[in-house]
There are 2 protein chains.
Amino acid sequence: MDISHTEENYLKAIFKISERNGKPASTNAISNEMNTTAASVTDMVKRLSDKTLIHYERYRGVTLTGQGEQIATHLIRKHRLWEVFLVDKLHFSWDEVHEIAEQLEHIKSKRLVERLDEYLGFPKFDPHGDPIPDADGNFTIRKQALLSELKTGEQGPVVGVHDHTTAFLQYLDRMELVLGTTVKVLEYFEYDESMRVLINNEREQLLSKKVCQNLFVQKQ
Amino acid sequence: MDISHTEENYLKAIFKISERNGKPASTNAISNEMNTTAASVTDMVKRLSDKTLIHYERYRGVTLTGQGEQIATHLIRKHRLWEVFLVDKLHFSWDEVHEIAEQLEHIKSKRLVERLDEYLGFPKFDPHGDPIPDADGNFTIRKQALLSELKTGEQGPVVGVHDHTTAFLQYLDRMELVLGTTVKVLEYFEYDESMRVLINNEREQLLSKKVCQNLFVQKQ
DNA sequence: AAAAATTTTTAGATTAACTTAAAAATATGT
DNA sequence: ACATATTTTTAAGTTAATCTAAAAATTTTT
Ligand SMILES: [Mn+2]
Ligand SMILES: [Mn+2]
Ligand SMILES: [Mn+2]
Ligand SMILES: [Mn+2]
């Protein structure tokens, strides 16, 4: 049984939605994620169900079967490994790689992924700090919190972003707030929920509520 | 105007056929190259003609327009660069890369190809000795001849293969007749058109007609 | 518990890419 | 030149993936 480019994208969308919400993916949530109509989703969802890649009950949303989840996590694995390749080897910046990886993740070759993984030194996280699942689909779990959740005096290295938009990534580059930078909360302003932080024990910086709510910092 | 994966493959097929025969590609030649029916080709050829990617006249075959040729050579450029990547960086052998490159050649990103080219050190030939066109579609031309065309006493380095099948490539690996190996014709047997050759000025080897007709050697 | 709002499904169409079978055009052999 | 063979095109139909509009089911509000 072979699976199309489009079917793969649906499975990945369903995985992401379920992961975010912890419940079955609704038709509307999928149509929104895929930029299609609800009718198209119903159509596709029936086909994926026939292929036993998802569990589907009318009006009840969908969840992935073991097989479906395996395909979804493998896609995410490929996507993130290719992003590492693009940044580490071809020197793209972290805001340029997602679109290209969206294409590369569909390349089918058992051996290519494993060779690429080895070539990259078996990375555990992608350029945005997102975990790269292993060949069995297991994600490395890391203790992390949004910067906005830290209390005054707490600190930790930046390990990821919640917002993956080009605008945010470029903003972080401008502020020199790349992954690995240490951030310590010096002061919290209740008025606008902004923070004054110490970066790399060197310089102080004022960060807006929006920025603080989109930066992951390692805990402990 | 965007162009599908399938349309790209048709353009590449037409380019290859025209290159081989020096005349317009016939419907049957295309259907053969693409593993489809003649009817499918006629269908597609009309669409490509509407997009001004080919010149087409009923019963007269097709040729590429400038635009069509540009797409075809760019595809070949990408295919061959990815093959170099797979062999040089991921250590695949030359008989394993074609299928993967068939997929990778369709990845669309202006910058990716140029970064890859640079990363690989601007190679002029792929792992099978085929020339890699530059960004403008120009191929490096090399003086070469089939081993079968050499006369007794003549010699040169192996620079390419005519037959690209896995079977032939693996046979050459077994014989240690990789690209760069020097071959000198010691004796020609009219009986079965085989040759006795000297490899790397070290060892003698008997090569069949079929092998000699599929190995390119640099001339002069 | 009805009414209203929202979500989801069904129905009917479209487009790309393909197929088979038959018709038309071109090429070949005597 | 004409019959035969081959190639190419047309006609008609299929499948995947999409759409819009309308109907049905579910959820929320009053
Ligand atoms: Mn990404
Ligand atoms: Mn990422
Ligand atoms: Mn190839
Ligand atoms: Mn090649």
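Please read these numbers as outputs of a predicted model, since none were measured by experiment.
Between B:Val45 and A:Tyr10, the residue whose closest nucleotide on DNA chain D is further toward the 5' end is B:Val45. With DNA chain C read from its 5' end, the first of the two nearest nucleotides for A:Gly61 and B:Thr6 is the one closest to A:Gly61.
Ring-plane geometry between A:His162 and A:Phe216 is classed as perpendicular, the angle between the planes exceeding 60 degrees on a 0 to 90 degree scale with a lower cut at 30.
Looking at heavy-atom distances under 4.0 Å, A:Thr27 makes contact with sugar-phosphate atoms alone, never a base. Note on A:Thr42: a base of the nucleic acid sits closer than 4.0 angstrom, heavy atoms only. In this structure, B:Thr36 reaches the sugar-phosphate backbone alone: every heavy-atom distance under 4.0 Å involves primed, P, OP1 or OP2 atoms, never a base.
Taking atom NZ of residue B:Lys46 and atom P of nucleotide C:dA16, one finds them 14 Å apart after rounding to whole Å. The distance from atom CG of A:Leu48 to atom P of D:dA17 is 9 Å, rounded to the nearest whole Å. Residue B:Asn28 contributes atom CG, which lies 12 Å from atom P of D:dT6 at whole-angstrom precision. Distance, B:Asn32 CG to D:dT7 P: 11 Å, rounded to whole Å. Atom pair B:Arg47:CZ and C:dA16:C1' shows a separation of 6 Å (rounding to whole Å applied). Distance, A:Glu57 CD to D:dA25 P: 15 Å, rounded to whole Å. B:His5 places its NE2 atom 15 Å from the C1' atom of C:dC18, with the value rounded to the nearest Å. Atom pair A:Tyr56:OH and C:dT7:P shows a separation of 16 Å (rounding to whole Å applied).
Screening A:Asp117, A:Asp134, A:Asp130, A:Asp126 for a salt bridge (Lys or Arg N to Asp or Glu O under 4.0 Å) involving A:Arg77 leaves a single residue, A:Asp117. Of the residues listed (B:Lys46, B:Lys51, B:Lys12), the one engaging B:Glu7 in a salt bridge (Lys or Arg N to Asp or Glu O under 4.0 Å) is B:Lys51, and it is the only one.
Considering only side-chain atoms of B:Asp43, the nucleotide from D:dA24, D:dT8, C:dA17 that sits closest is C:dA17. Between D:dT18, C:dT19, D:dT8, one nucleotide has an atom nearer to the side chain of B:Ser40 than all others, and that is C:dT19. Of the candidates D:dT8, C:dC18, D:dA25, C:dC18 carries the atom nearest the B:Met44 side chain, counting heavy atoms from C-beta on.
Of the side-chain N and O atoms in A:Arg58, one or more sit less than 4.0 angstrom from OP1 or OP2 of C:dT10. The side chain of B:Thr37 places an N or O atom within less than 4.0 Å of a non-bridging phosphate oxygen (OP1 or OP2) of C:dT19. One finds a side-chain N or O of B:Ser4 lying less than 4.0 angstrom from the OP1 or OP2 phosphate oxygen of C:dA17.
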Check step by step if ring pair (Phe, Tyr, Trp, His ring centres under 6.0 Å) holds for A:Phe92 and A:Phe85. CA-CA 9 Å; A:Phe92 278 92; A:Phe85 168 72; 8.9 Å; no
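Salt bridge annotation for A:Lys209-A:Glu193: present, with a cationic side-chain nitrogen under 4.0 angstrom from a carboxylate oxygen.
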